[in-house]
Number of protein chains: 2
Amino acid sequence: MPTIRDVSRLANVSVATVSRVINANQPVSADTKARVVAAMAELGYQPNSNAKALATNRSDILGMVLGDLGGPFFGDLMAQAEEETRRLKRHLLVTAGGHSRDIELEAIDFLLRRQVDALMLHVDSLTDADLYELSTKTDTPIVLINRYVPDLHAHCIHVNNEVGGELITRHLIEQGHEAIACITGPLYKGDSRGRLQGYRRALEQAGLPYVEQRVVESDYMEAGGSEAIERLLSRKTPFTAVVCGNDLMAFGAIRSLRLHGFSVPQDIDVTGYDDIVLSSYVEPSLTTIHVPIGAMGVQAARLAVQLATGQRPTAQQAFEPQLVVRGSTRSRSSDQSSQPMHSKFVQQQ
Amino acid sequence: MPTIRDVSRLANVSVATVSRVINANQPVSADTKARVVAAMAELGYQPNSNAKALATNRSDILGMVLGDLGGPFFGDLMAQAEEETRRLKRHLLVTAGGHSRDIELEAIDFLLRRQVDALMLHVDSLTDADLYELSTKTDTPIVLINRYVPDLHAHCIHVNNEVGGELITRHLIEQGHEAIACITGPLYKGDSRGRLQGYRRALEQAGLPYVEQRVVESDYMEAGGSEAIERLLSRKTPFTAVVCGNDLMAFGAIRSLRLHGFSVPQDIDVTGYDDIVLSSYVEPSLTTIHVPIGAMGVQAARLAVQLATGQRPTAQQAFEPQLVVRGSTRSRSSDQSSQPMHSKFVQQQ
DNA sequence: CTGAAAGCGCTTACAG
DNA sequence: CTGAAAGCGCTTACAG
């Protein structure tokens, strides 16, 4: 690998001059520049980024840690963030957090050691306290994607989960439902709590009671959704619709309901949350809440660069969830709504 | 950010000694070590990876460039490769190639400048010649994922496309089809040609003629699959099944066939290739060829590290495609097979 | 077992 | 416009 020294010798200039033509940040006479450019081409010279980063204390790299590289959000988020990063003349270094606190911390350390200009985190195992502590320990700017931590308000790209939970629940109420079950994600997570809160608020606004027997906590996984339905059915408190904390759990819920002889949406409506790609393809297609994760990725990159360069942040930080109505919910009159449910409940016993 | 100097001062030792306890590659007395460890902890010291890479000329990073971060393969490939990389005590740096030759080259340059220990490429815009030239220009080891370049035989993790094309075509023949259309990917790509070759071989083995009118080249996109069906139908050469070069084109083909009044698989069978996640969820679920992309990612990481460290390569390089039969194909007797097709063809005119 | 010092390949004041 | 030199934070022979 040729170095800047080799280029300088071949072009008969100092390494300082070569550096100047590489970075085009200081005046260089036309013919010296030509000689240097020719020498670089002849040698196939590539500047060593590590040396540059060491000398300048910046890397032009934005580091991103993702909970799960295989996750449904992942492609969209990463593709959009990458594109924006490229537009901003930076590069994206992505690492997996493996849904484990230790791995997430290790991934962050790795990026920090690499002198990334900023950190973009889409993590779910670190607590709010972990994140806050991290922010005090490093002066590398941090951006949180799809997460809201009050103490790090200026660093969050977030979407209002309460509104999302409210939107989807209200949609069911408008379809004529009064007995709506709810399968939440793990309640130690803020977004699970937010969605549940939205569910409660929609019920309240409609004058419907909040019935604990209809609410069950699960794990955001497909199997968890199936299992949650088992628990709900065993409680013998009838319901005609199920609000699920994410799409995956909705898939599991539908499967489990079918096993018990219920049709979706003929007998019971089911909704998801996230709007992953699959959700528009499954049968029935899923009514859900669209989370603009790609757009959030773009703004995360913008905010990261703005924070890293000391510019005034102009990136959009708050996003609104959007209701997407599909085949898993359908309009029905109120008297139809609970009838088939009750009869099947009885016939199961 | 504290440096090794700060640690050495606090622990009252030389920086060389600190370096030795960090890397644990040379003997250090127990109590010096304890002092150093304590000092590092007290300062929250993190070694600067760029400085280390500069000094050692290795980065412990495996660079990966992916044609398309949003692509269907992506999650699985990356998640598995990342996990294996971590197991091998390295890190993964991923960059998007954006399906453009310039961006792919730029991405590779970026990684090379970063002194990655090896390059793992899943690219589709660079030609075999580009890749070969690249391999001669750098001594950073290169691994090609899901691609076979004869001149770089020892660097490829590949799957036999010809066998895949043959498997899926033979499956259709066994279902009783004799008039099988074929929608290929871009024929400048080796895998498109391989799959087409497999299609031809299966026909040949069954004593069926290869009819040019039934073969059309497309672009591996869903819309391309739709458009390809239009072209096939306009040629007025009947067919009862369509072999598509990938799953996405199969989705487009099915949509287009439906628009023309054909049911899949009642009137026409359709097959895909790749077995992306969606394919088992769509209605009808897609008969396709499974490409073990996750396993290939694991072996790519292994091969990359083996090449980088001069170990004898033991990674598995050749993979076999697998037929996955689902709902988009069905057994039929030969006389049923072309009847409805012909009648609908006529009724369309 | 430990330290002093050179070197990795850049950048950037400082002079001229 | 250009060069000499110090410095970025590490590692690693070389001595002892």
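Letters go in sequence order (proteins before strands), and every chain restarts at 1.
Distance R9(A) CZ to dT2(D) C1': 18 Å, rounded to the nearest Å. Atom pair I4(A):CD1 and dG7(C):C1' shows a separation of 16 Å (rounding to whole Å applied). One interatomic measurement links the two molecules: CG of L112(A) to P of dG9(D), which rounds to 15 Å at whole-angstrom precision. Atom CG of L54(B) is separated from atom C1' of dC8(D) by 9 Å (rounded to the nearest Å). A straight line from CG of D60(B) to C1' of dT11(D) spans 14 Å, rounded to a whole angstrom. Summarising the geometry, the separation between CG on N48(B) and P on dC8(C) is reported as 18 Å, rounded to the nearest angstrom. Rounded to a whole Å, the CG atom of D6(A) is 8 Å from the P atom of dG9(C). Atom CZ in R5(B) sits roughly 11 Å away from atom P in dG3(C) (whole-Å rounding).
Taking 4.0 angstrom as the limit, T56(B) places none of its side-chain polar atoms (N or O) nearer than this to OP1 or OP2 of dT11(D). At dG3(D), one or more side-chain N or O atoms of S14(A) fall inside 4.0 Å of OP1 or OP2 (strictly under the cut-off).
Using P as the reference atom, dA13(C) and dG9(C) are 23 Å apart when rounded to the nearest Å.
Comparing dC10(D), dA5(D), dG7(D) against the side chain of V15(A) picks out dA5(D) as the nearest. Here dC10(D) is the nucleotide among dT11(C), dG3(D), dC10(D) with the atom lying nearest to any side-chain atom of T3(B). Distance from the side chain of K52(A) is smallest for dC10(C) among the nucleotides dC10(C), dG9(D), dT12(D). The side chain of Y45(A) has dC10(C) as its nearest neighbour among dG3(C), dC10(C), dT12(C). Of the candidates dT11(D), dT12(C), dC8(D), the closest approach to any side-chain atom of S19(A) belongs to dT12(C). Checking dA4(C), dT11(D), dG3(D) against the side-chain heavy atoms of A55(B) singles out dT11(D) as nearest.
Only R20(B), N23(B), N25(B), listed by number, bring a heavy atom of residues 20-33 of chain B to less than 4.0 angstrom from any atom of DNA chain D.
Across all strands, N57(A) comes closer than 4.0 Å to no nucleic acid atom at all (heavy-atom distances). Residue contacts shown for Q46(A) are limited to sugar-phosphate atoms, with no base heavy atom under 4.0 Å away.
Side-chain contact annotation: Q115(A) with S49(B), donor-acceptor N/O pair under 3.5 Å absent.
Between V18(B) and the choices V28(B), V37(B), T32(B), V13(B), the side-chain contact (heavy atoms from CB on, under 4.5 Å) rule is met once, by V13(B).
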Pair K189(A)-D124(A), salt bridge (Lys or Arg N to Asp or Glu O under 4.0 Å): steps then yes or no: CA-CA 8 Å; K189(A) 294 190 181 182; D124(A) 56 5; 3.4 Å; yes
Q46(A)/L112(B) under side-chain contact (heavy atoms from CB on, under 4.5 Å): CA gap, chis, key distance, verdict: CA-CA 8 Å; Q46(A) 292 280 11; L112(B) 253 21; 5.6 Å; no
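Residues K89(A) and D60(A) are not paired through a salt bridge, judged by the lack of any N-O separation under 4.0 Å between the basic side chain and the carboxylate. Between R147(A) and D191(A) no salt bridge is recorded (no basic side-chain N to carboxylate O distance below 4.0 Å). In this structure, E104(B) does not pair ionically with R101(B), as no charged nitrogen and carboxylate oxygen lie closer than 4.0 Å.
Side-chain contact between I4(A) and D6(A): absent, with no pair of heavy atoms (C-beta onward) separated by less than 4.5 Å.
Across every strand in view, dG3(C) sits in a pair with dC14(D) that passes the Watson-Crick or G-U test at under 3.5 angstrom.
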